[in-house]
K.L.:
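Here's a structure for you.
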Amino acid sequence: MAQHKIAVLVGSLRKESFNRKMAKALIKLSPDSLALEIVEIGELPLYNQDLDDNPPVSWVEFRQRIKKFDGVLFVTPEYNRSVPGVLKNAIDVGSRPYGKSAWDGKPGAVMSVSPGAMGGFGANHHLRQSMVFLNIPVMQQPEAYIGNATNLFDEKGDLTSDSTQEHAARFMQTFAAWVATNTPGGMQ
Ligand SMILES: Cc1cc2nc3c(=O)[nH]c(=O)nc-3n(C[C@H](O)[C@H](O)[C@H](O)COP(=O)(O)O)c2cc1C
């Protein structure tokens with residue numbers, strides 16, 4: 001079966017990150033038509049336009065790696081009602097040099113996870129704003145603002161609630177269909 005390759009970007013570097021746990025849960029719950037892989041972003045040097053002519057090797061490798069994926073899934077916390085700097089940095093690095101963005105046309109989806117009640121709504125929607133400019137067709141429904149994350153996972157990192165698990169599985173099934181429809185070349 002042909003699989004679509006999906007880069008998973010996690011917007012937290014914390015060892016016990018709820019978002020990383022959620023990313024791993026989503027990978028487990030995803031249908032066979034997707035092959036998901038977490039792409040680490042914590043070691044990317046901060047984007048600096050002065051380096052465009054002589055970019056750090058890690059930027060070049062990151063851009064090349066992202067280009068090989070068919071789509072991208074963002075799983076992120078909210079920092080100060082917006083996107084954490086580490087994730088925004090990775091997005092900026094991937095978007096340059098101008099006219100050669102690694103993100104261009106790749107179907108995407110966003111899930112935000114927070115211990116707070118609003119589920120990272122602000123980060124989720126700020127991310128969507130960048131996606132408009134980056135030409136990432138982003139899945140609209142189901143939305144995924146996952147709140148009260150403190151109680152979501154057991155000690156092994158598995159989801160404890162059936163309803164969250166069902167929502168996460170439905171999210172990934174819909175994303176798989178979204179990727180199939182929006183991959184260049186159309187439905188596959
Ligand atoms: C700098 C900073 C800003 C934060 N701002 C918000 C916020 O605006 N909204 C929110 O729901 N949680 C906020 N939090 C709490 C995070 O949601 C919480 O630390 C969460 O566990 C981070 O995700 P992670 O578990 O994947 O690392 C903030 C945390 C930090 C460190």
Side-chain angles (χ1 to χ4, degrees), residues 6-30 34-48 58 62 65-66 69 71-95 102-103 106-134 136 138-175:
I6 305 298
V8 182
L9 269 68
V10 178
S12 169
L13 304 181
R14 202 168 71 86
K15 239 183 283 156
E16 290 298 319
S17 161
F18 297 124
N19 283 275
R20 183 170 289 265
K21 287 178 187 171
M22 180 59 86
K24 289 182 177 167
L26 292 174
I27 290 171
K28 275 195 207 165
L29 289 166
S30 73
L34 297 183
L36 297 108
E37 207 179 308
I38 294 179
V39 176
E40 300 299 342
I41 57 175
E43 301 296 327
L44 287 174
L46 285 178
Y47 180 73
N48 176 349
S58 57
F62 178 73
R65 197 164 165 209
I66 293 295
F69 287 97
V72 58
L73 171 64
F74 297 94
V75 188
T76 188
E78 175 176 271
Y79 277 7
N80 300 310
R81 297 282 179 260
S82 187
V83 180
V86 68
L87 179 54
K88 184 59 166 57
N89 184 54
I91 290 169
D92 293 342
V93 167
S95 72
W103 311 111
K106 291 193 194 305
V110 185
M111 179 175 281
S112 50
V113 181
S114 170
M118 292 194 289
F121 174 88
N124 192 309
H125 278 257
H126 272 181
L127 200 46
R128 288 167 185 270
Q129 183 170 323
S130 294
M131 287 184 197
V132 173
F133 182 69
L134 293 170
I136 296 176
V138 60
M139 183 171 78
Q140 304 298 310
Q141 294 288 339
E143 296 163 281
Y145 318 110
I146 312 296
N148 304 313
T150 317
N151 301 320
L152 276 186
F153 301 94
D154 64 20
E155 64 288 345
K156 287 190 290 175
D158 292 325
L159 285 166
T160 52
S161 137
D162 286 349
S163 64
T164 309
Q165 193 150 329
E166 279 159 27
H167 180 54
R170 195 167 60 250
F171 182 86
M172 292 311 294
Q173 278 152 17
T174 313
F175 183 45

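Atoms within each ligand, like the ligands themselves, are counted from 1 in listed order.
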K.L.:
For Pro77, take its heavy atoms, then give the atoms of ligand 1 lying under 4.0 Å from any of them.
P.N.:
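Matching atoms, with element in brackets: 22 (C), 23 (O).
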
K.L.:
Output the list of atoms in ligand 1 that are nearer than 4.0 Å to some heavy atom of Ser114, sorted by atom number.
P.N.:
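This gives 10 (C), 11 (O), 12 (N), 17 (O) as the contact atoms.
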
K.L.:
Within this structure, what is the CG-CD1 distance for the pair Asn89 and Ile41, rounded to the nearest 0.5 Å?
P.N.:
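Those atoms lie 8.0 Å apart.
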
K.L.:
For ligand 1, does Ser17 get within less than 4.0 Å through its side chain, its backbone, both, or neither, judged by non-hydrogen atoms?
P.N.:
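Near ligand 1, Ser17 shows its backbone as well as its side chain.
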
K.L.:
Which of the atoms of ligand 1 are close to Asn19, meaning less than 4.0 Å from one of its heavy atoms?
P.N.:
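Heavy-atom distances to Asn19 below 4.0 Å select 23 (O), 24 (P), 26 (O).
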
K.L.:
Which one holds for Arg81 and ligand 1: side chain close, backbone close, both close, or neither close, with close meaning a heavy atom under 4.0 Å?
P.N.:
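Both backbone and side chain.
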
K.L.:
Out of curiosity, Met111 CE to Phe175 CZ, how far, rounded to the nearest 0.5 Å?
P.N.:
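Interatomic distance, Met111 CE to Phe175 CZ, rounded to 0.5 Å: 11.0 Å.
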
K.L.:
Which of these, Glu78, Lys15, Arg20, Arg14, has its nearest heavy atom closest to atom 12 (N) of ligand 1?
P.N.:
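Looking at heavy atoms only, Glu78 sits closest to atom 12 (N) of ligand 1.
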
K.L.:
Does Leu13 offer a backbone N or O that forms a donor-acceptor pair with the side chain of Ser17 under 3.5 Å?
P.N.:
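Side chain of Ser17 to backbone of Leu13: no pair is present.
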
K.L.:
Could any protein non-hydrogen atom be found less than 4.0 Å from atom 21 (O) of ligand 1?
P.N.:
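So far as the 4.0 Å threshold goes, atom 21 (O) of ligand 1 is in reach of a protein heavy atom.
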
K.L.:
Please confirm whether Tyr79 comes within less than 3.5 Å of ligand 1 when only nitrogen or oxygen atoms on both sides are compared.
P.N.:
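No, since none of the N or O atoms of Tyr79 sits under 3.5 Å from an N or O of ligand 1.
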
K.L.:
Which heavy atom of the protein is the closest neighbour of atom 1 (C) of ligand 1, given with residue, atom name and distance?
P.N.:
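For atom 1 (C) of ligand 1, the nearest protein heavy atom comes out as Asn80 ND2, 4.0 Å.
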
K.L.:
Supply the atom-to-atom distance Leu46 CG to Lys88 NZ, rounded to the nearest 0.5 angstrom.
P.N.:
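Going from the CG atom of Leu46 to the NZ atom of Lys88 covers 12.0 Å.
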
K.L.:
Under 4.0 Å from a heavy atom of Pro115: give me the atoms of ligand 1 that qualify, with their elements.
P.N.:
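Selected atoms, number and element: 17 (O), 18 (C), 20 (C), 21 (O).
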
K.L.:
Starting from atom 27 (O) of ligand 1, what is the nearest protein heavy atom, named by residue and atom, and what distance separates them?
P.N.:
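Of every protein heavy atom, Ser12 OG, 2.7 Å lies nearest to atom 27 (O) of ligand 1.
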
K.L.:
Could you grab the distance from atom CD1 of Ile146 to atom NE2 of His167, nearest 0.5 Å is fine?
P.N.:
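Taking CD1 in Ile146 and NE2 in His167, the distance rounds to 4.0 Å.
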
K.L.:
Between Lys21, Lys24, Lys28, which is the residue that forms a side-chain hydrogen bond (donor to acceptor under 3.5 Å, both in side chains) with Asp158?
P.N.:
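Going through the options one by one, the only one that passes is Lys28.
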
K.L.:
Is the centre of the His125 ring less than 6.0 Å from the centre of the Tyr145 ring?
P.N.:
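Yes, close enough.
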
K.L.:
Should Arg128 and Glu143 count as an ion pair when the cut-off is N to O under 4.0 Å?
P.N.:
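Result for this pair is no, no salt bridge flagged.
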
